[in-house]
Amino acid sequence: MLRAVLVFLMLSVTTLPGAAQDLRALARVLADGSRLADDGRDVVLDLALTQAVPYRVFVLEDPRRVVLDFREVNWSELDAGFDRSDGIESVATGRGDAGWSRMVLRLARPMAVAEAGMRTDETDGSAQVRLRLEPVEAAAFADRAAHLPAGVRLPPVPVGQGDAAPREDGLIMVALDPGHGGVDPGALRDGQSEADLMLSFAMELREVLLRSGRFDVMLTREGDWFVSLPERITLARAARADVFLSLHADALAAGQARGATVYTLSDTASNAASEALAEAHDRADLLAGVDLAGNDDAVADVLLDLARLETAPRASALADALVAGIERSGLPLHPNPRMEAGFSVLKAADIPSALVEVGFLSDARDRENLLDPDWRAVMQAAIRDALLDWAEADEVRATMVRQ
Ligand SMILES: [Zn+2]
């Protein structure tokens, strides 16, 4: 099970006289005065900041990590020489949750935060962060209370936690996942970004679904901010989603892609273009400091396999229903619209998930369609009807399984 330990909560920052102008600029982490080094048995992290910013520190298991979040800093001046510690396996920096910049220290052995503090220079407003990590027993690391700083969102919660009394309102909870966002705009063409287009598409689709009276809807992001792929699953699961739809409008090399395409998860991609597409989506997370390798659902493999065994055919039926619905509406489909690839965002073991390329931003006709509100309305109605068809068939199937 995944546990997290709160070690230190946000520091409140007082505005210093003379530093007001600096506070509007993004704080920078300076190479000079920053280092990560072993100090006997302990590991000491020093970070020099151009100005004080709120920060928080917490630790995570599987794999063991110390996470530092700052609101916000520019990491670009830190260089490879910064890490001189044997106690740290790797250091990643990038964007974290909305409004936070993150440093992730992957621990070679279990360590706890023995000291965490920020000193501010009263004359120039600069700040120095010091973190001291000391070795602890594995059990001590694991046994810390599972409390995170307010607002921190965790990687996926294990399958089987709080398993799922049926919803009392009888509504189908749909998780809509507008692809990309924040530092990751997705595909860009003609001044349009995939992230923005898919956010407005998802918001419109939410209205269409809600108006039918059959659905409840949650969005994995409601603005232009970065949400990691595992977090998207976590958010859907926290909302007890019955079904997960990731919405995209990617760009591929000319001639490769045109028309709506529906993907389900598979280790083997349907073709090279699909494989490249799934890899490109992981890359944005890696850049943002998200450790996808450690982020598969943290339960015993055998349990995961059992859950996947049940979920995979339901996801497949979902994708088939979507393709059939889009076809019925006379909207353009890719010549081979049902594909598979290793999209990390489809890895929820317990929620039937599909990724819809509503169209490809790299294709002139698709791009025009995506920008046309009437076209979008037809596509959104097609998705609504497909979801209803699927839910009905899924209920029948579930009844048969129970008998
Ligand atoms: Zn995309």
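All ligand and atom numbering here is 1-based and tracks the order in the structure. When reading the values below, keep in mind they use all heavy atoms of this one structure, side chains included, and skip hydrogens, waters and symmetry mates. Counting from 1, the numbers follow the sequence of the chain as shown.
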For a salt bridge (Lys or Arg N to Asp or Glu O under 4.0 Å) check, start with the C-alpha distance between Asp389 and Arg328, then their side-chain angles and the critical distance, and finish with the verdict.
CA-CA 12 Å; Asp389 287 351; Arg328 228 175 14 240; 3.0 Å; yes

Contacts of Ala278 that satisfy side chain to side chain contact (heavy atoms under 4.5 Å, CB included) - sequence neighbours left out
Ala341, Phe343

Quick check: of its N, O or S atoms, which one does Glu194 have closest to the Zn ion (ligand 1)?
OE2

How far does CD of Glu392 sit from CD1 of Ile172, to the nearest 0.5 angstrom?
9.5 Å

Evaluate whether atom CD of Glu368 has more than 12 neighbouring non-hydrogen atoms of other residues, nucleotides or ligands under 6.0 angstrom away.
no

N, O or S atom of Asp250 closer to the Zn ion (ligand 1) than 2.8 Å
yes

So what does the His281 NE2 - the Zn ion (ligand 1) - His248 ND1 angle come to, to 10°?
90°

